[in-house]
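Here is the structure we will look at, set down as structure tokens.
This chain uses plain numbering: 1 for the first residue, then up along the sequence. Small disclaimer: the values here were computed from a predicted structure and weren't measured.
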Amino acid sequence: MEFQNLPHGDYTLNVHSVTMDNRMSSPKTIAFAIASPWYLSKLSMLGYVLILVLIVLGVRWYNRQKLRRKHEILKIRLQREQEERLAQLEKEKLEKEIKRKQTELARTTMSVAKKNELILELKDLMVLNKDAFPNKQRYRSLTKKLDGSINENEDWKNFEVNFKELHDDFFDNLLQQFPKLTPKDLKLCAYLKMNLSSKEIAPLMAISIRGVEIHRYRLRKKLGIDSSQNLSNFLIKFK
């Protein structure tokens with residue numbers, strides 16, 4: 001007798017014998033067991049439990065690592081954004097400071113120009129009315145005082161200090177590229193870099209507007225700039 005495809009487990013088989021006259025004998029009990037397949041064994045089940053535990057632990061570890069990486073990325077991003085904000089604030093602060101200094105330099109320069117222009121006009125009036133001064137000594141004394149009021153060197157020193165705060169290497173770079181420039185050339189270059197007109201520059205240098213135009217022409221030659229180029233724009237863009 002053969003049994004096939006029986007599930008695993010314990011079985012009890014009762015066997016009877018039949019006599020010639022069809023009488024059934026008392027059953028004979030046969031107990032047997034079909035072992036579980038290897039993948040359903042206790043050892044396998046223990047292995048499955050261990051694998052499941054490892055999977056759970058692995059998933060938790062992966063999620064923690066993923067969360068940690070997200071936190072690190074977020075931290076780096078926030079730090080970068082903070083640095084960018086600080087850099088932007090510092091840039092805006094610097095730009096405001098530069099603008100303030102530019103405004104202050106322009107204001108003081110124009111103030112000096114107006115003062116010198118007024119003194120030069122007054123001196124011209126005195127020259128035109130020289131004969132109205134009966135006391136020649138008095139006339140010479142007043143003329144000398146007016147000349148002293150136009151203290152070009154002192155005005156230039158104050159201007160130069162403020163100018164260098166905005167354009168620190170301007171003069172050095174000019175002299176390095178154009179070593180034949182004189183101190184008077186450098187003064188004109190600085191005024192032109194501020195985009196001042198010849199009329200505004202004249203009282204600052206204590207010369208006539210015609211004198212400024214002649215000086216500009218000579219400066220153009222020294223810098224090698226042809227007539228198609230704007231001298232002021234060249235110096236404004238010069239670093």
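- By the 6.0 Å contact criterion, OH on Tyr48 is enclosed, its count of non-hydrogen atoms from other residues, nucleotides or ligands being greater than 12.
- Side-chain atoms of Asn173 come within 3.5 Å of backbone N or O of Lys239 as a donor-acceptor pair.
- Under the 30°/60° scheme for interplanar angles, the aromatic rings of Phe171 and Phe163 are found to be tilted.
- Side-chain atoms of Glu90 and Leu86, non-hydrogen and from C-beta on, never get closer than 4.5 Å to each other.
- Atoms CG and CZ, on Leu67 and Arg60 in that order, are 13.0 Å from each other to the nearest 0.5 Å.
- More than 12 heavy atoms of other residues, nucleotides or ligands shown are found within 6.0 angstrom of CZ on Arg64.
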*asked:* Please evaluate residues Asp185 and His215 with respect to the criterion side chain to side chain contact (heavy atoms under 4.5 Å, CB included), reporting the C-alpha separation (whole Å), side-chain torsions for both, the decisive distance (0.1 Å), and the verdict.
replied: CA-CA 8 Å; Asp185 292 332; His215 197 172; 2.7 Å; yes
_Before you tell me yes or no, could you show the steps for Glu84 and Arg80 under salt bridge (charged side-chain N to carboxylate O under 4.0 Å, His left out), namely the whole-Å CA-CA distance, both residues' side-chain angles and the distance that decides it to 0.1 Å?_
CA-CA 6 Å; Glu84 289 175 354; Arg80 187 183 298 117; 5.2 Å; no
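- Connection of Ile119 to Leu122 is established within a shared hydrophobic cluster, with ILVMFWY side chains joined at heavy-atom distances below 4.5 Å, either directly or through further cluster members.
- With hydrophobic clusters built from ILVMFWY side chains whose heavy atoms lie under 4.5 angstrom apart, Leu54 does not share a cluster with Tyr62.
- The closest side-chain heavy-atom distance from Leu196 to Leu204 is below 4.5 Å.
- Arg220 places a side-chain N or O within donor-acceptor distance of the main-chain N or O of Gln229, the cut-off being under 3.5 Å.
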_Determine whether Leu175 and Leu186 satisfy the following criterion, side chain to side chain contact (heavy atoms under 4.5 Å, CB included), listing intermediate values before the conclusion._
CA-CA 9 Å; Leu175 288 174; Leu186 293 177; 4.1 Å; yes
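- Between Tyr191 and Phe159, the two ring planes are tilted [angle within 30° to 60°].
- Remark: Arg68 engages Glu72 in a salt bridge, criterion side-chain N to carboxylate O under 4.0 Å.
- Inter-residue side-chain proximity for Ile207 and Lys184 is flagged as met; some heavy-atom pair is nearer than 4.5 Å.
- Using a 4.5 Å heavy-atom threshold, the side chains of Leu235 and Leu223 count as touching.
- Contact annotation: the side chain of Leu192 approaches that of Leu231 to within less than 4.5 Å [non-hydrogen atoms, C-beta and beyond].
- Note that the CD1 atom of Ile76 and the CD atom of Glu83 stand 10.5 Å from one another [nearest 0.5 Å].
- Salt-bridge annotation for Glu160 and Lys157: absent, with no side-chain N of the basic residue lying under 4.0 Å from a carboxylate O of the acidic one.
- Of all the heavy atoms in Ser232 and Asn195, the pair that sits closest is CB-OD1, 4.0 Å.
- More than 12 heavy atoms of other residues, nucleotides or ligands shown are found within 6.0 angstrom of CD on Glu95.
- Between the Asp124 side chain and the Glu121 main chain, no donor and acceptor come within less than 3.5 Å of each other.
- Put simply, the side chain of Leu142 does not reach to within 4.5 Å of the side chain of Lys123, judged on heavy atoms.
- In this structure, Ser198 OG and Met205 CE are separated by 10.5 Å, a value rounded to the nearest 0.5 Å.
- Judged purely by atom type and a 3.5 angstrom limit, Glu165 has no side-chain atom pairing as donor or acceptor with the backbone of Asn162.
- Here NZ of Lys96 is found 9.0 Å from CG of Leu89. Values are rounded to the nearest 0.5 Å.
- Side chains of Lys199 and Val212 form no contact here, defined as non-hydrogen atoms less than 4.5 Å apart.
- Within the 3.5 Å criterion, the main-chain N or O of Leu181 finds no donor-acceptor partner in the side chain of Lys222.
- The shortest distance between side-chain heavy atoms of Met194 and Gln102 does not fall below 4.5 Å.
- Asp169 places no side-chain N or O within donor-acceptor distance of the main-chain N or O of Asp172, the cut-off being under 3.5 Å.
- With hydrogens and angles disregarded, no donor-acceptor distance shorter than 3.5 Å links the side chain of Ser111 to the backbone of Arg107.
- Here the side chain of Ser141 pairs no donor or acceptor atom with the backbone of Gln137 at under 3.5 angstrom.
- Under the 4.5 Å side-chain contact rule for hydrophobic residues, Met45 and Val56 do not share a cluster.
- Contact record, Ala190 with Trp156: CB-CH2, 4.0 Å, taken as the closest heavy-atom pair.
- Here the CD1 atom belonging to Ile51 is positioned 9.5 Å from the OG atom belonging to Ser44, to the nearest 0.5 angstrom.
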*For the pair Gln88 and Glu92, evaluate side chain to side chain donor-acceptor pair (under 3.5 Å) and give the outcome as yes or no after the intermediate values.*
CA-CA 6 Å; Gln88 183 63 28; Glu92 291 175 358; 3.2 Å; yes
*Assess whether side chain to side chain contact (heavy atoms under 4.5 Å, CB included) is satisfied between Ile225 and Leu219, documenting all intermediate values.*
CA-CA 9 Å; Ile225 300 175; Leu219 179 62; over 6 Å; no
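- With rounding to the nearest 0.5 Å, the separation of NE2 in His167 from CG in Leu105 is 7.5 Å.
- Within 6.0 Å of the CD atom in Gln82, the count of heavy atoms belonging to other residues, nucleotides or ligands does not exceed 12.
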_If you apply the rule side chain to side chain contact (heavy atoms under 4.5 Å, CB included), what do you find for Asn158 with Thr108, and how did you get there?_
CA-CA 9 Å; Asn158 295 331; Thr108 54; over 6 Å; no
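- A donor-acceptor contact shorter than 3.5 Å links the side chain of Lys193 to the backbone of Phe238.
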